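This is the structure, below, for whatever I ask next.
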Amino acid sequence: MIKTDEIEISAADLGDENPLPDINDNLYIHATYKLTDKIKPNESKYIGKGMINTLLPYTFQDGYNRIRTVKKFKTVVVENKYLKAVFLPDFGGRLWQLYDKKEGRDLIYVNPVFQPCNLALRNAWFSGGVEFNVSIKGHNPFTCAPLYAEKRVDRSGKEFLSMYEWERIRGVVYSVNVYLPEDSKVLYIKNVIENTDDKETFMYWWSNIAVPETPETRIIVPANKSFISFYDENHYVLDKTGIPDVFGVDASYPINLNRSLDFFYKIPEKNDKWIASADSNGKGLLHFSDDKLKSRKLFLWGTANGGRHWNEFLSVKNSAYIEIQAGLMNTQLEHFVMPPNSKIEFTEAYASLNGDSDRLHGSYNSAIECVSETLYGYTCGVKPKKYLKSIFPEISKSKTVEIYNKGSGWGYLENLARKISGKKRISNIFNGFTGDGCVEKWEKLAVTGKLPASKPSDIPNGYVTDKFFTEKLKDSVRNYPDDFAAHLYLGVALYAAGFYDKANKEWEKSYQSMPNAWAYRNSASYFVSVKNDYVKGKELILKALNMMPENDRIAIACGKILVDGGFCEEWLNVYDGFNEKIKNVGRIRLLRAKALIALGRLEEAEEIINKRFEMPDIKEGELSVSALWFELYKKKLMRDKGLREDEAISMVAKEYPLPYELDFRMHG
């Protein structure tokens with residue numbers, strides 16, 4: 001049975017999207033990495049390949065807060081007498097809950113709240129359930145965005161749920177297809193990625209499964225070797241290790257490890273591809289797949305204060321989870337090359353683990369054998385790669401019988417562009433316009449060659465960066481040279497393509513044609529990030545802020561440029577002119593504290609940087625708050641006790657230990 005429903009949950013507001021395009025650098029997207037000499041050349045072939053320089057054409061989702069009220073969320077439920085699977089079509093099709101009806105327990109971690117935090121490519125991410133990550137390293141652009149969701153039926157009458165979207169950076173259609181036969185104790189998901197272009201593209205996939213972490217939780221996988229990734233400030237370190245014994249402890253029990261780590265297990269090619277989580281009673285989740293989904297991963301936050309705090313920051317007190325994942329490559333530092341006009345399909349399966357607790361918590365080999373026996377019970381003794389080959393309905397020969405959810409209009413727009421260009425459609429599933437406001441102006445440009453009339457106060461709500469629309473914008477600025485919006489959007493498209501100087505020339509033409517905060521801000525970011533010219537950046541960002549004094553995103557951009565450029569006194573004067581709402585934005589307050597410390601106004605900074613300080617959008621791996629804490633008290637020790645800087649540095653952690661509430665460190 002497939003039906004729509006809803007859940008009620010304590011939830012923070014996701015908020016509005018950030019209208020400012022990504023005119024920056026890519027450090028927040030892809031931290032750098034180091035490889036130890038244990039990583040062989042054939043293992044590093046794809047590491048670092050396919051990384052992106054900007055998130056454009058996507059915009060950031062950073063408008064959330066930490067004020068939670070009870071809200072209703074649309075769900076699609078796939079259910080039989082054994083299992084109930086609850087999906088969130090408005091949030092990337094996330095599998096929110098998988099409930100075993102016979103045993104009366106959840107098989108995956110169900111977050112008791114919805115709390116966005118800064119962990120995804122577009123910023124907003126929330127923990128819990130199963131997330132499907134496609135195309136680009138990281139939590140994908142749709143993790144907090146809607147997918148299309150439909151019930152489909154194949155020629156034999158088998159019904160399944162299909163959720164899909166058009167991914168704009170790689171230019172692929174992907175779908176998550178869910179099948180639960182009436183008498184099945186296993187939930188089957190077939191993922192499909194389609195590259196319908198005549199050129200190859202880099203590709204990526206990891207299914208990210210959250211499971212509860214308890215002191216007794218054990219993660220079992222049919223391997224005895226693993227890549228291991230350490231989180232250090234601004235970079236990863238990739239090494240190799242044997243398992244389960246790591247650092248002198250049994251690492252199959254995540255509770256034994258104090259720092260955040262990734263284990264990318266090296267499952268031998270001949271072995272079945274699975275991973276399991278078992279609690280003290282031998283109950284948990286078993287995930288298995290065909291051999292295409294060859295890799296498995298464990299992510300853990302660790303038991304140090306930073307990891308524990310992140311668990312609670314994403315949820316509630318005394319909440320803990322870990323992630324077991326499945327991917328197409330050895331590690332998440334890799335993208336592979338997808339050929340032109342090609343399709344990738346792979347099937348994964350989710351089932352209850354209910355085994356002998358003594359064996360599951362005995363020797364590691366005994367645990368592997370126990371899980372393997374459970375697996376073959378589900379596959380009737382057949383190897384998973386063979387069993388899963390014919391289990392799923394025929395997707396290509398199915399028809400839609402019910403529509404549950406609408407995604408974006410970008411797939412429709414791509415088909416329109418291809419029709420005008422005389423090219424093959426990306427897919428027949430993007431047939432009708434959805435009324436997506438982000439797409440309307442681009443539809444008009446495609447058809448008429450001109451953007452709709454707009455005012456400088458209009459907030460941009462979507463960008464294009466592909467070749468078709470870049471050429472349309474070039475034609476538009478030639479035909480309508482005074483159209484400030486066409487120059488603005490062309491600059492964004494050129495920046496995304498790597499033509500930074502040409503992009504800035506378009507932004508200059510934009511604000512010369514019609515002064516507007518958006519072009520001023522983009523040009524300011526160009527001068528700072530490309531030219532390292534903070535004086536020019538300051539001049540332009542202050543013009544942007546003057547035009548939009550109550551826009552918190554421009555205020556943050558202004559603060560970053562002024563403080564990073566050393567204009568701290570000027571930033572404090574600007575801050576004093578803000579309304580109370582902007583003054584209380586966490587990121588704004590952090591920038592004020594940073595300026596106060598730089599100017600030696602330490603007591604004023606202490607009023608901000610204390611255990612009550614809260615910045616909802618602190619990023620995974622970001623150490624700005626802890627760094628500012630230690631900088632503040634280092635300077636205080638130097639001033640009050642007459643210490644040299646090196647003496648103060650060695651003393652500060654002992655004299656002024658970092659409060660738990662400010663600890664987001666992931667390296668132990």
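Because the structure is a prediction, the values reported are computed rather than measured.
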For R152, is there an ion pair with E402 - N to carboxylate O distance below 4.0 angstrom?
no
Should the heavy atoms of other residues, nucleotides or ligands under 6.0 Å from NZ of K419 be counted, would the total exceed 12?
no
Quick one: does any side-chain atom of N405 pair with a main-chain N or O of Y148 as donor and acceptor, under 3.5 Å?
no
Salt-bridge present (E8, K71; N to O < 4.0 Å):
no
Are any of the side-chain nitrogens in D62 or R553 under 4.0 Å away from the carboxylate oxygens of its partner?
yes
Please report the C-alpha distance between V172 and E194 in whole Å, then the side-chain angles of each, then the deciding distance to 0.1 Å, and finally whether the side chain to side chain contact (heavy atoms under 4.5 Å, CB included) criterion is met.
CA-CA 6 Å; V172 297; E194 301 173 72; 5.9 Å; no
Ring centroid separation Y58 to W410 under 6.0 Å:
no
Do the two ring centres, one from F91 and one from F73, sit under 6.0 Å apart?
yes
Taking the six-membered ring for Trp, are F430 and Y164 ring centroids under 6.0 Å apart?
yes
Do you see a donor-acceptor pair shorter than 3.5 Å between the side chains of K84 and Q97?
no
Would you say the ring centroid of Y236 lies under 6.0 angstrom from that of Y33?
no
Test of ring centre spacing under 6.0 Å for F202 and F336
no
Do NZ/NE/NH1/NH2 and the carboxylate oxygens of K273 and D291 come within less than 4.0 Å?
yes
Using a distance-only test with no angle check, is there a side-chain donor-acceptor pair under 3.5 angstrom linking W125 and E131?
yes
For the residue pair F469 and Y489, is the inter-centroid distance of their aromatic rings smaller than 6.0 Å?
no
Under 3.5 Å, is there a donor-acceptor pair linking the side chains of E6 and T75?
no
Do E17 and T59 have side-chain N/O donor and acceptor atoms under 3.5 Å apart?
yes
Regarding N195 and S342, is there a side-chain donor-to-acceptor distance under 3.5 Å anywhere?
no
When you measure from the side chain of D106 to the backbone N and O of I108, does any donor-acceptor pair fall under 3.5 Å?
no
I'd like to check the side chain to side chain contact (heavy atoms under 4.5 Å, CB included) partners of E414; sequence neighbours left out, ordered by chain and number.
W166, R418, I426
Decide whether E620 and N118 meet the rule of one side-chain donor and one side-chain acceptor closer than 3.5 Å.
no
Geometric cation-pi criterion K502 and F499, 6.0 Å radius, 45° cone
yes
Identified ring pair (Phe, Tyr, Trp, His ring centres under 6.0 Å) counterpart of F126 within the set Y109, Y64, F114
F114
Before accepting this row, confirm whether a basic side-chain N of the pair D290/K389 lies closer than 4.0 Å to the acidic partner's carboxylate O.
no
D22 side chain reached by Y495 side chain, heavy atoms, under 4.5 Å
no
Between E471 and K474, does any NZ, NE, NH1 or NH2 come within less than 4.0 Å of an OD or OE carboxylate oxygen?
yes
Please tell me whether Q325 and R296 have a donor and an acceptor in their side chains that are separated by less than 3.5 angstrom.
no
